[in-house]
Amino acid sequence: MSLSAIAKPILYSYWRSSCSWRVRIALNLKEIPYDIKPISLIKSGGEQHCNEYREVNPMEQVPALQIDGHTLIESVAIMHYLEETRPQRPLLPQDVHKRAKVREIVEIICSGIQPLQNLIVLIHVGEEKKKEWAQHWITRGFRAVEKALSTSAGKYCVGDEISMADCCLVPQVFNARRFHVDLRPYPIILRIDRELEANPAFRAAHPSNQPDCPPELPNK
Ligand SMILES: O=C(O)/C=C\C(=O)CC(=O)CC(=O)O
C-alpha cells in the first residue's frame, strides 16, 4: 500500500462554503479524522482559481478530498464514497423507499437550490440583484423540501436517523439566513435544523468552528 493511501485525509475547504460543510459533517459523523487545507474563495480573486488548486479540482471549487490515495471532488460523490468505504454510522437508510427520499432531498438542495445561489452565479448576477435572486431560488426550493419532509421526516429529514439529506439541509438553512429568506413558512425545516444544531458532528463542522473563519464573523 502506498503512503498516500494510508495518510490522513485532507479536505480542501472554505469555512462558509456549504458544499465543504456537507462533507465536514459526513466525515465527523463517521468519525474519520482529517486535516483541513483552507482555500479562500475571496482572497486575491479566489485561491480556487490558482494553477496549483486547478490541478486538485478542475471545477475550481471546494471541496476536494484527498483520501485513500485518490483526490475526489463534488460533495455528493464524496459522501457516497465515504458511505461505501466507511459503512460505520450509515448516512443512507436500509429501506429503498427511504433511500430514494434521502436522494430526492439531496438532489433538490444540491442541484435545485445551491448551484443557483453560489458565488460564481451571484457574481454574474451582480451586486444589485443578487439578494433577490438568491431569495427567489432558495424559496422555490425550500417549498419543495418542506413538502417532501411533510411525509418523510421523523426526528430528522427521513425518519429518525441522520442521513445525507441532513448533511445538505443544515448548510442550506445557513445560506437562507445569510440571504435573509423568511423561513417561517418552513416549520419542519426549522425544527430539523434546530434539532441538529446541538449535534457534536454538526457543531464541529459549522463555519464558526473552522480554522479559516475570520475572527469578526458577521453571520454567526
Ligand atoms: O464568503 C463568501 O462570500 C464566498 C463564498 C461562499 O460563501 C460560498 C458560496 O459560494 C456559497 C455556498 O457555498 O453556497
Side-chain angles (χ1 to χ4, degrees), residues 11-28 36-50 53-54 56-65 72-79 105-145 157 164-183 186 189 192-193 196-197 202-220:
L11 180 68
Y12 294 82
S13 165
Y14 176 67
W15 62 285
R16 68 171 165 183
S17 142
S18 59
C19 308
S20 306
W21 187 352
R22 293 169 195 155
V23 175
R24 295 196 299 257
I25 298 169
L27 287 163
N28 294 348
I36 286 203
K37 210 160 185 173
I39 299 292
S40 171
L41 299 186
I42 52 172
K43 202 164 85 190
S44 325
E47 291 173 343
Q48 73 277 27
H49 304 303
C50 75
Y53 185 70
R54 201 181 303 126
V56 176
N57 186 345
M59 282 295 280
E60 301 174 35
Q61 293 173 336
V62 281
L65 182 69
L72 306 177
I73 63 168
E74 296 295 339
S75 61
V76 177
I78 295 172
M79 286 194 289
I105 294 164
V106 166
E107 194 72 17
I108 295 172
I109 295 170
C110 302
S111 302
I113 306 179
Q114 196 278 335
L116 295 160
Q117 53 92 103
N118 75 2
L119 182 64
I120 39 172
V121 171
L122 294 185
I123 288 173
H124 202 72
V125 167
E127 198 57 42
E128 203 181 307
K129 273 174 54 182
K130 77 175 192 188
K131 184 176 167 195
E132 186 270 329
W133 174 281
Q135 285 179 342
H136 173 79
W137 296 109
I138 296 171
T139 301
R140 179 180 181 275
F142 268 14
R143 264 201 304 268
V145 172
C157 284
M164 284 181 200
D166 301 288
C167 299
C168 298
L169 183 71
V170 167
Q172 189 59 55
V173 172
F174 177 91
N175 278 352
R177 292 201 172 101
R178 194 175 159 194
F179 294 111
H180 305 286
V181 171
D182 178 8
L183 291 173
Y186 317 111
I189 292 177
I192 294 168
D193 182 62
L196 290 165
E197 216 171 44
F202 283 72
R203 191 175 282 263
H206 192 275
S208 61
N209 292 323
Q210 298 314 298
D212 54 336
C213 175
E216 301 295 321
L217 175 58
N219 269 325
K220 235 173 189 169

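Position 1 is the first residue of the sequence, and the numbers go up from there. Scope of the values below: all heavy atoms of this structure, side chains included, with no hydrogens, waters or symmetry mates. When a ligand or atom number is given, it counts from 1 through the structure's own listing order.
Atom CD1 of Ile25 is separated from atom OG of Ser75 by 10.5 Å, given to the nearest 0.5 angstrom. Atom CH2 of Trp137 and atom CG of Asn118 lie 13.5 Å apart (nearest 0.5 Å).
Ion pairing between a basic and an acidic side chain is recognised when a charged N comes within 4.0 Å of a carboxylate O; Arg177 and Asp193 show such pairing.
Between the side chain of Gln172 and the backbone N or O of Ser18, no donor-acceptor pair lies under 3.5 Å. For the pair Gln210 (side chain) and Tyr14 (backbone), a donor-acceptor distance under 3.5 Å is absent.
Near ligand 1, residues Tyr14, Arg16, Ser17, Ser18, Leu41, Ile42, Gln114, Gln117, Asn118, Leu119, Asn175, Arg178 come within 4.0 angstrom through at least one heavy atom.
At most 12 non-hydrogen atoms from other residues, nucleotides or ligands lie less than 6.0 angstrom from CZ of Arg203.
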